[in-house]
Number of protein chains: 2
Amino acid sequence: MLDDRSPTVYDVARHAEVSIATVSRVLRHPDKVSETTRRRVLASVEELGYVPNASARGLAGRRTGVLGLLIPGHDIPTTSLREPVGEEGGTVAFLDDRDGRQADPYRNRYFEQLVRGAEAAAWKAGYALLVAAGTSVSRDVVVHDLAGRVDGLAAVARTVPEDLLLRSAGRTPLVTIAGEAGAGSDAVRADNRGGMAALVRHVLAVKPRGPVLYLAGPPDSPDAAAREAGFRDAVADRDVVWSALLGDFTWRAGHDVMAAHLAREVPAAVVAANDQSALGALAALRESGVEVPGTCVVTGFDGIDESRYATPTLTTVRQPMVDLGIRAIELLLRRLADPGADACELRLPVDVLLRQSCGPLP
Amino acid sequence: MLDDRSPTVYDVARHAEVSIATVSRVLRHPDKVSETTRRRVLASVEELGYVPNASARGLAGRRTGVLGLLIPGHDIPTTSLREPVGEEGGTVAFLDDRDGRQADPYRNRYFEQLVRGAEAAAWKAGYALLVAAGTSVSRDVVVHDLAGRVDGLAAVARTVPEDLLLRSAGRTPLVTIAGEAGAGSDAVRADNRGGMAALVRHVLAVKPRGPVLYLAGPPDSPDAAAREAGFRDAVADRDVVWSALLGDFTWRAGHDVMAAHLAREVPAAVVAANDQSALGALAALRESGVEVPGTCVVTGFDGIDESRYATPTLTTVRQPMVDLGIRAIELLLRRLADPGADACELRLPVDVLLRQSCGPLP
DNA sequence: GTGAAAGCGCTAACAG
DNA sequence: CTGTTAGCGCTTTCAC
């Protein structure tokens with residue numbers, strides 16, 4: 001390359017012997033230009049290797065063509081970064097992985113699927129997707145490095161500082177993902193409550209005779225609250241004996257609470273607020289020799305990987321993360337098209353994955 | 001909001017009674033402004049809710065502050081998109097998942113980890129990350145929707161049309177991920193060859209007495225070629241009886257080739273070019289009643305989820321995808337800082353995950 | 001159908 | 001330390 005500077009509309013215009021306005025038209029409204037000029041301009045574009053500058057476009061057109069997606073941070077430990085190897089080959093690490101722990105240090109699939117859905121939806125609508133995942137996404141960072149770059153922002157609940165929502169409102173459209181309805185901003189979430197209710201009704205239909213144990217999540221989690229509400233919905237209109245015990249979404253709590261409970265009573269069904277605690281409960285049941293699903297059926301919630309490989313495989317509920325991503329972008333697009341539209345809140349149905357831990361299929 | 005237009009430097013300048021240059025300075029070179037003015041300007045910024053416009057910045061500063069990451073498409077089936085539910089709750093889908101197939105329609109974790117690494121590295125360097133994942137990323141799309149938006153582009157090999165590389169070279173820095181060295185562009189890849197060689201040397205050390213079978217990948221895959229080379233490296237300097245059979249990276253091929261081979265001979269080790277075919281081979285061995293790892297050890301390559309949950313769990317090699325993402329961005333940054341630097345090609349060491357299928361630990 | 005010209009909002013000399 | 005000014009590359013009226 002002789003000139004290191006990228007060619008601009010001016011270069012193309014000169015080369016094609018037209019005005020810059022025509023070059024711009026050819027690229028944006030091809031039908032408003034005569035066939036012959038269009039050809040000529042496109043040929044010049046090709047020959048010069050012209051690539052339109054998005055910043056200039058964005059500035060002139062008052063839109064960036066970019067949507068932002070804000071997800072919780074990943075906590076990538078940069079310390080374990082591997083050094084490149086030389087010609088001789090280098091230091092291959094041998095890891096003892098008999099317990100399967102090494103396989104994947106970054107387990108949370110949720111947000112990755114969100115990215116996929118969002119990316120696909122954005123792309124389809126002609127937008128690019130900017131992904132941000134700060135461990136500590138500070139207010140300043142959002143404002144300075146994100147808000148000014150995008151036409152709209154989709155953010156997983158509790159990743160954006162609350163006051164930002166307010167500042168943003170009316171300026172950059174914002175949709176909240178998987179959280180409570182924000183201050184007038186659009187939102188999309190999974191129907192945790194309805195999903196749990198549906199699951200529990202199914203459980204009531206297939207479980208052996210006996211009481212139901214609900215293994216609740218931490219009281220401060222909105223998800224836990226919604227799921228518990230769903231559980232209550234399902235048992236409310238039925239003649240069931242049930243009790244609830246407090247967990248905290250961990251395997252440990254699930255296991256210990258279950259074990260303690262088993263000392264007093266063997267339930268006919270254990271409905272856990274999430275998979276981790278369900279797996280813990282499963283372990284405790286096994287230790288006590290309780291047959292699952294024969295004597296007691298068990299269900300989880302989330303659809304984490306481990307649920308597929310548990311013994312027995314765990315019946316659970318999967319949130320439609322890809323769909324959440326898609327819908328979030330769609331809401332953004334809707335608001336972009338009609339800034340005055342009413343704030344809207346989408347609730348997406350979940351999928352119940354029927355597996356061995358819950359006995360026969362319906 | 002009375003004025004729907006976002007405030008600009010002019011608004012802030014007027015409000016703080018300074019010039020726009022000072023506003024700009026406060027934001028970009030705070031130390032070049034007196035304490036008092038800085039305070040005043042920041043107060044105005046805050047009060048007006050000013051957010052700098054990235055397009056204008058990019059245009060004026062000739063840099064966008066954005067890096068692009070191009071990964072293979074996801075093939076999101078938009079047809080299965082779920083409809084939102086109403087107040088009443090909606091149609092929860094019950095899926096028979098006894099075979100575990102429903103759990104995750106989007107299985108390929110590779111690129112997601114890549115995104116993570118890249119995102120973290122880019123962010124750390126003060127860049128935002130634009131992720132593009134077209135199913136059919138056409139040349140035009142890359143040129144029009146990506147190249148003009150970013151300061152540099154990292155692309156998974158074979159996602160970008162070749163001619164684009166040439167056009168791009170010297171303009172937008174480009175690094176190729178997990179592919180051959182491009183036309184002078186930087187590249188980063190996993191040390192497939194070295195990793196396989198290390199794995200195979202380990203296998204030779206622990207396997208029972210007897211011949212080794214190499215289950216090769218498709219001839220047209222660069223990965224397969226590198227792995228096979230690694231295998232040959234490892235057996236070359238050793239007194240081993242071995243043979244190779246052609247597979248195509250699928251479970252089916254792994255199974256069938258293995259089954260056919262078993263009719264003639266029971267190897268003491270099966271080294272497969274990837275996990276899928278290793279799992280197929282594992283199945284065939286089980287069908288024939290060959291004990292793994294007692295009679296025959298087995299290894300895969302890739303570290304897919306299934307390898308952790310196979311019976312026995314599969315010894316395999318994991319590519320450092322997160323690291324690849326990080327390094328790709330680092331290469332980009334390097335070239336951004338020094339456009340004239342020599343093209344460089346990084347090879348990252350892989351991790352060998354020792355699991356049950358390969359017998360005792362070293 | 002095409003061209004001239006006026007910005008879009010910001011940065012970075014260059015003066016003062 | 002602060003202000004003036006000239007663009008950055010493109011889109012878009014508005015004339016012709």
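Just so you know, these numbers use all the heavy atoms, side chains as well, and skip hydrogens, waters and symmetry mates. Per chain, numbering begins at 1; letters A, B, ... match sequence-line order.
Side-chain N/O atoms of A:Tyr10 include none lying less than 4.0 angstrom from OP1 or OP2 on D:dG7. Applying the 4.0 Å criterion to OP1 and OP2 of C:dT2, one finds that A:Thr37 has a side-chain N or O inside that range. Put simply, B:Ser55 has no side-chain N or O that comes within less than 4.0 Å of OP1 or OP2 on C:dG9. Remark: A:Thr8 is not in phosphate contact with D:dG9, judged by side-chain N or O atoms under 4.0 Å from OP1 or OP2. Between A:Ser19 and C:dG3 there is a side-chain polar atom (N or O) within less than 4.0 angstrom of OP1 or OP2. Considering only side-chain N and O atoms, B:Thr22 lies nowhere under 4.0 angstrom from the phosphate OP1 or OP2 of D:dT2. B:His29 has no side-chain polar atom (N or O) that falls below the 4.0 Å cut-off from OP1 or OP2 of C:dT11.
Between B:Arg327 and B:Glu330 a salt bridge is recorded (basic side-chain N to carboxylate O distance below 4.0 Å).
Counting any heavy atom pair closer than 4.0 Å across all strands shown, A:Val23 reaches no nucleic acid atom.
For the pair A:Ile20 and A:Asp31, both in contact range of DNA chain C, the more 5′-proximal nearest nucleotide belongs to A:Asp31. Each of B:Thr36 and A:Asn53 was matched to the nucleotide of DNA chain D holding its nearest heavy atom; the match closer to the 5' end belongs to B:Thr36.
For the pair B:Ile20 and B:Thr22, the minimum side-chain heavy-atom distance is 4.5 Å or more.
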Between B:Arg38 and B:Glu35, does a salt bridge (Lys or Arg N to Asp or Glu O under 4.0 Å) hold up when you go through it step by step? CA-CA 5 Å; B:Arg38 196 191 322 152; B:Glu35 173 73 20; 3.7 Å; yes

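Judged by distance alone, the side chain of B:Arg189 and the main-chain N or O of B:Leu346 form no donor-acceptor pair under 3.5 Å. In this structure, B:Arg63 contributes its side chain and B:Asp151 its backbone to no donor-acceptor pair below 3.5 Å.
Considering only the side chain of B:Ser24, C:dT11 comes nearest among C:dT11, C:dC8, C:dC10. Distance from the side chain of A:Val9 is smallest to D:dG9 among D:dG9, C:dA12, C:dT2.
Atom-to-atom, CZ of A:Arg62 to P of C:dC10 comes out at 12 Å; the value is rounded to the nearest Å. The nearest whole Å value for the distance from the CZ atom in B:Arg149 to the P atom in D:dC10 is 13 Å. D:dG9 atom P lies 16 Å from atom CG of A:Leu27, rounded to whole Å. Atom-to-atom, CZ of A:Arg63 to P of D:dT11 comes out at 11 Å; the value is rounded to the nearest Å.
For C:dG3, the base has a donor-acceptor partner in the side chain of A:Arg25 [N/O atoms by modelled type, under 3.5 angstrom].
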